[in-house]
Amino acid sequence: MGVLKQGFIIFIIFSVLTGIIYPVFITTIVQLVMKDKANGSFIKLNGRIIGSELIGQKFTSSKYFHGRPSAIDYSGNISGASNLGPTSRKLIELTGSEINKVKVRNNLAPDVKIPADLVLSSASGLDPHISLQSALLQVSRVASERGVAREDLVKLVVKNTEKPQLGFLGEERVNVLKLNLELDYR
Amino acid sequence: MTESKNTIWDPALFLTAFKDSIIKLNPLTLYKNPVMLVVEIGSVITTLVTINSIFSGEAYFFNFQITLWLWFTVIFSNFAESLAEGRSKAQAESLQKTRTETVANKLLSNGSIEQISATSLRKGDFVLVGEHETIPCDGQIVEGSALLDESAITGESAAVLREFGGDKDAVTIGTKVISGNVKVKITANPGDTFLDHMIAMVESAHRQKTPSEVALEILLIGLTVVFVVVIVTLVGFSRYLNISIPLTVLISLLVCLMPTTIGALLPAIGISGMERLVRNNVIAVSGRAIEAAGDVDVVLLDKTGTITLGNRIASEFIPDDGVDENLLAEVAFLSSITDETPEGRSIVTLAKNKLGVRGRDIQIPEGAIFVPFSVQTRISGIDYENVEIRKGAYDAIEKFIKERNGTFSLKIKQVFEMISKAGGTPLIVVKNNKTLGIVYLKDIIKEGIKERLSQLRKLGIKSIMITGDNPLTAATIARESGVDDFVAEAKPEMKLQLIRDYQKKGHLVAMIGDGTNDAPALAQADVGVAMNAGTQAAREASNMVDLDSNPTKLISIVEIGKQILITRGSLTTFSVANDISKYFAIVPAMFSIQYPVLNTLNLMQLGTPHSAVLSAIIFNAIIIPMLIPLSLKGVEYRAVQAEKLLRGNMLVYGVGGLVLPFICIKGIDMLLMSLHLV
Amino acid sequence: MHDSLTPLSGFVLLFNMCVGEVIFGGVGAGLITLLVNAVLTMFIVGLMIGRSPEFLAKKLEPFEMLMAVICVLATPMSVLIFGCIAVVTSTGLSSLNNLGPHGISEILYAFASTSGNNGSAFAGLNAGTVFYTLTTSLSMLVGRLTTIIPVLAIAGSLAKKKFVPVGSATFTTDVPLFVWLLIGVVVLVGGLTYFPVLTLGPILEHFFMGMGKTF
């Protein structure tokens with residue numbers, strides 16, 4: 001009986017500790033210290049939430065920069081990847097057609113090398129970033145569609161480039177949603 | 001039980017062991033060794049496959065060779081066990097020979113004597129044993145004394161004295177009375193005697209498995225079960241990739257992966273451990289006791305007989321003021337001349353040395369009356385004419401002298417103090433009411449005991465000396481002999497309490513004893529070693545009996561206990577470490593026919609898939625007989641720090657077990673290829 | 001998403017789960033396996049220094065050994081048996097997103113993750129079918145119960161035992177040598193059980209990737 005009682009008391013204590021005290025404590029702290037980040041890093045336009053810095057969105061119009069392919073078609077309520085391994089024939093085919101698509105869309109010569117991130121889907125399917133190279137590759141198309149100077153767009157892209165974290169984690173990258181917002185509202 | 005009988009390479013033993021190992025192929029007996037049973041089942045299957053391939057006209061040579069080596073694996077395992085058993089049985093048989101049919105003179109309650117067969121004696125019977133007769137059953141002398149030839153049991157040819165009373169009343173079945181007549185109370189039923197225990201112990205059928213042996217078997221069986229699952233499921237996984245693996249190759253992989261080396265040698269290690277113990281003339285009642293011996297960390301030693309020679313020896317005559325030393329020696333000599341105690345005899349010897357040739361001339365005065373030592377007076381001596389000569393302990397003599405209006409001089413008191421402080425025993429010698437001086441009796445520390453004790457310390461065992469002496473004496477002897485601790489002025493019941501105290505703290509306590517009053521403590525100790533020369537009560541209470549009655553035998557017992565464990569552990573590590581190389585031999589061989597790219601894993605560059613499998617299985621089989629000598633002799637135990645010992649053993653059996661098979665399998669493969677066997 | 005990893009990266013993830021998640025991944029369960037592996041290590045260590053084995057100053061006897069063996073070996077058995085069933089049945093294979101050796105990795109990962117209290121997935125495998133729902137839940141039951149029950153049994157049995165004082169002949173677990181031995185036992189026990197099937201999965205796939213072979 002003693003063991004049961006002990007077990008029950010520990011169960012109650014830990015339920016309260018981990019189920020109530022800990023979440024309340026953490027929530028209070030983050031809401032005080034980093035409210036914006038804790039709530040999802042939303043991007044607002046005229047008071048309306050139009051997206052999150054952390055979630056990629058699908059852009060199809062030629063007037064915008066395009067993000068990475070997504071295995072879930074940027075469906076925000078799930079996340080997922082192609083789940084195709086390196087020896088998958090399907091993956092090779094899929095990637096080949098993506099490369100073609102990018103080349104046709106951007107009017108590139110057949111022998112141009114395309115950055116991998118622009119033709120391979122991300123692990124979550126919701127990557128908000130593309131590499132700097134992938135963004136620069138699209139500058140000519142967007143510039144001609146919008147009728148703006150190519151140099152201005154390059155400057156805009158460079159301005160929106162995020163450095164690697166702590167200087168060495170990851171690569172230089174561009175947030176597609178933020179870049180496209182600047183295109184429309186600068 | 002001589003050494004020459006125990007060589008491993010005895011051809012006769014070999015032959016019986018070989019026959020035995022074939023008989024042991026019977027699955028009904030092999031089930032006790034599950035690892036080997038699985039190998040045997042595998043062998044049967046490959047045999048059927050081979051027969052089938054012969055009749056269906058397929059290539060059968062490879063299958064045939066695999067089958068052959070699988071059977072060899074089982075036979076080698078049986079052989080190891082049989083060889084160990086054979087060695088033990090040889091010992092048991094030589095013991096059995098001593099148990100010839102004897103006739104016992106049973107003493108009936110009406111006082112008459114009936115001659116009956118020894119086998120019909122029962123516990124509690126009384127028998128008379130005369131000169132040149134054999135002791136019919138284990139017992140205890142209740143009357144008389146006798147010189148016994150115990151060589152049949154101990155291998156020691158010198159006759160030993162057994163007598164009623166005191167600490168030497170036990171007699172053992174099979175020993176012969178050389179002289180004297182004794183009345184013996186039978187303490188064991190036939191079939192339950194000492195000898196029976198001994199024989200049972202060396203025969204594996206009655207061998208109890210020790211806890212860690214059982215635990216190890218659980219691990220080995222667990223591994224075997226898992227490997228069976230690995231192999232069976234591998235069939236499914238490889239079929240998915242269109243790889244079909246021949247049944248013989250699958251079974252080969254299974255046998256290679258299973259811990260066959262240790263599985264084959266495990267019984268042999270246990271049996272030969274027992275046998276080593278018996279060869280050291282120690283009989284253990286249970287295997288558990290041997291294992292406990294390896295764990296003992298506190299040992300209680302009686303001072304007398306263990307640390308010091310049983311008896312004190314006179315080393316000096318110290319005369320009182322104004323007394324000639326020679327006079328003291330002469331008087332002391334007279335007082336001891338009929339004293340048959342070892343102390344008395346040592347006084348005579350010392351006095352003779354002191355007085356030179358003159359010692360022989362000392363005549364015992366006419367009409368002298370000897371006063372023997374008695375418990376009441378605690379003094380002894382001689383009376384002649386009007387002279388009373390006495391010797392004895394301080395307080396006893398003080399009482400004696402007071403009655404005769406004498407007193408101790410200052411010198412006597414000083415010398416007494418001095419000797420006591422030095423750990424000696426002063427015997428005061430008086431003539432009438434005048435003190436003549438003091439005989440200095442010294443405890444003589446046994447030769448080599450210091451080294452033995454320091455060896456114990458290296459084994460991590462704390463030694464505690466128990467003595468009835470005063471603390472001063474005890475401290476001196478403790479210091480000189482190097483024991484870690486001592487208990488002075490100990491009464492027999494204190495031993496029991498001491499053991500309990502240590503056990504309460506979690507220590508495992510070993511105790512060596514011989515007296516009847518040691519029996520409760522021997523029973524309480526985790527390892528109780530009784531001297532064969534001791535009392536029957538002590539023998540019954542203990543879980544080990546040392547036939548040589550050598551108290552330092554404990555060190556050998558501890559080492560044998562540890563050796564058994566180390567041998568098991570080392571061979572287990574070796575066996576499991578071997579698996580790595582066998583994987584690199586067989587796995588590429590299995591898959592590279594379908595997927596040649598996997599030949600990259602063929603680190604050893606073995607010739608062909610067939611030669612790879614065969615090399616691995618041959619290595620797996622012949623490593624067993626190669627390790628038989630090691631498992632029979634045991635891995636050497638070094639008394640070093642645990643971590644150092646572990647590092648050493650891991651290097652040899654762990655790293656060695658990892659590397660050696662790579663070399664051997666490659667070697668066997670090259671041999672097979674050059675002989676065109678595959 | 002782990003599905004898209006290169007074969008050797010996937011191999012590392014798989015291997016880490018297979019050895020009982022003693023490094024990362026199993027919240028709580030990793031510690032259990034590590035402790036039980038320590039029990040196995042100390043058993044061998046005890047034998048090799050000639051003392052009846054002890055761990056944390058308590059003697060290890062057949063009961064602890066039996067529980068430790070169940071705890072360490074039941075999980076691989078569940079992974080292999082369920083994996084094998086999946087790989088030989090058409091229902092099992094129909095959920096695959098990748099074929100060839102990668103298919104083995106996918107299935108193995110599913111059962112290693114469920115048995116090992118992990119929760120991650122080579123997400124390509126469609127586990128939403130009746131077959132996988134049943135088999136993965138069974139393997140979860142096996143993985144949890146055969147880990148938690150034996151380890152509690154060991155704890156209870158050790159708690160009841162006498163404390164063995166540490167002496168000069170005791171091997172203590174606070175030395176580097178113990179750490180190496182523990183790693184050795186973890187890798188060896190895990191490696192020996194999974195090596196053949198991992199050869200057919202990630203390792204073969206690795207070679208195929210180099211050759212450019214696709215499925």
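Each chain gets a letter, A, B and so on, in the order its sequence line appears, and its residues count up from 1. Values reported hereafter were calculated over all heavy atoms of this structure, with side chains retained and with hydrogens, waters and symmetry mates removed.
- Residue contact with chain B, scored on non-hydrogen atoms closer than 4.5 Å, involves the backbone and the side chain of F171(C) alike.
- In terms of heavy-atom pairs under 4.5 Å with chain B, the best-connected choice from A74(C), G83(C), G210(C), G201(C) is G83(C).
- The minimum heavy-atom distance between P62(C) and P211(B), with the atom names listed, is CG-O, 3.2 Å.
- You'll find the side chain of M48(C) stays beyond 4.5 Å of the side chain of I566(B), heavy atoms only.
- Using a 4.5 Å cut-off between heavy atoms, L601(B) contacts chain C through its side chain alone, with no backbone atom that close.
- Of the atoms belonging to R647(B), heavy atoms from both backbone and side chain fall under 4.5 Å from chain C.
- For K59(C), the part lying under 4.5 angstrom from a heavy atom of chain B is the side chain only.
- For chain B, the nearby part of V88(C) is the side chain; its heavy atoms alone come within less than 4.5 Å.
- Annotation: side chain of L47(C) is in contact with side chain of L216(B) (closest heavy-atom distance under 4.5 Å).
- For S238(B), the parts lying near chain C are the backbone and the side chain together; criterion is any non-hydrogen pair under 4.5 Å.
- With a 4.5 Å cut-off on non-hydrogen atoms, R457(B) touches chain C through its backbone but not through its side chain.
- Put simply, the side chain of L646(B) reaches to within 4.5 Å of the side chain of V45(C), judged on heavy atoms.
- Interface residue L93(C): only side-chain heavy atoms are found under 4.5 Å from chain B.
- Note that CD of Q641(B) is 10.0 Å distant from CD1 of I49(C), once rounded to the nearest 0.5 Å.
- Proximity to chain C involves both the backbone and the side chain of S570(B), based on heavy atoms less than 4.5 angstrom apart.
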Can you list the steps and then say if V225(B) with M77(C) is a side chain to side chain contact (heavy atoms under 4.5 Å, CB included)? CA-CA 9 Å; V225(B) 171; M77(C) 280 168 57; 3.9 Å; yes
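- Heavy-atom pairs under 4.5 Å with chain C peak, among V214(B), V226(B), L645(B), I221(B), at V226(B).
- In this structure, no portion of I70(C) lies under 4.5 Å from any heavy atom of chain B.
- Each of I243(B), L223(B), L565(B) has some count of heavy-atom pairs under 4.5 Å with chain C, and the biggest count is that of L565(B).
- If you measure heavy-atom distances from V597(B) to chain C, the contacts under 4.5 Å come from both the backbone and the side chain.
- With ring centers used as reference points, F207(C) lies 6.0 Å or more from Y595(B).
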Apply side chain to side chain contact (heavy atoms under 4.5 Å, CB included) to residues L80(C) and F237(B) and explain how you reach the verdict. CA-CA 9 Å; L80(C) 290 175; F237(B) 285 111; 4.3 Å; yes
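- Contact of L241(B) with chain C is made through the side chain alone, with heavy-atom distances under 4.5 Å.
- Heavy-atom distances place both the backbone and the side chain of M650(B) under 4.5 Å from chain C.
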Take L188(C) and I580(B) through the side chain to side chain contact (heavy atoms under 4.5 Å, CB included) test and state the conclusion after the steps. CA-CA 8 Å; L188(C) 216 58; I580(B) 305 276; 3.3 Å; yes
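- There is no contact between F178(C) and chain B, counting heavy-atom distances below 4.5 Å.
- Interface summary for chain B: among L181(C), I203(C), V189(C), V164(C), the most heavy-atom pairs under 4.5 angstrom belong to L181(C).
- Interface summary for chain C: among T600(B), V232(B), V635(B), I564(B), the most heavy-atom pairs under 4.5 angstrom belong to T600(B).
- When heavy atoms are compared at a cutoff of 4.5 Å, V69(C) approaches chain B solely by way of its side chain, counted from C-beta outward.
- Rounding to the nearest 0.5 Å places CG of L200(C) at 3.5 Å from CZ of F591(B).
- For T170(C), the part sitting under 4.5 Å from any heavy atom of chain B is the backbone (N, CA, C, O) and nothing else.
- If you tally non-hydrogen atom pairs under 4.5 Å between each of H507(B), K504(B), R239(B) and chain C, the highest count goes to H507(B).
- Both the backbone and the side chain of S212(B) have a heavy atom closer than 4.5 Å to some heavy atom of chain C.
- Counting heavy-atom pairs closer than 4.5 Å to chain B, the top residue among A68(C), P53(C), P101(C), P165(C) is P165(C).
- Taking a 6.0 Å sphere around NZ of K162(C), one finds it holds more than 12 heavy atoms contributed by other residues, nucleotides or ligands.
- Atoms CZ and OG1, on F82(C) and T233(B) in that order, are 13.0 Å from each other to the nearest 0.5 Å.
- Y240(B) OH to I107(C) CD1: the interatomic distance, rounded to the nearest 0.5 Å, is 6.5 Å.
- Here the closest non-hydrogen pair linking D295(B) and R51(C) is OD1-CA, 3.3 Å.
- Smallest separation of non-hydrogen atoms from P196(C) and L234(B): CB-CD1, 3.7 Å.
- Residue K562(B) holds its NZ atom at 9.0 Å from OG of S52(C), rounded to the nearest 0.5 Å.
- Side-chain atoms of F227(B) and L192(C), non-hydrogen and from C-beta on, do get closer than 4.5 Å to each other.
- In this structure, L219(B) and I44(C) have side chains that are in contact, with non-hydrogen atoms separated by less than 4.5 Å.
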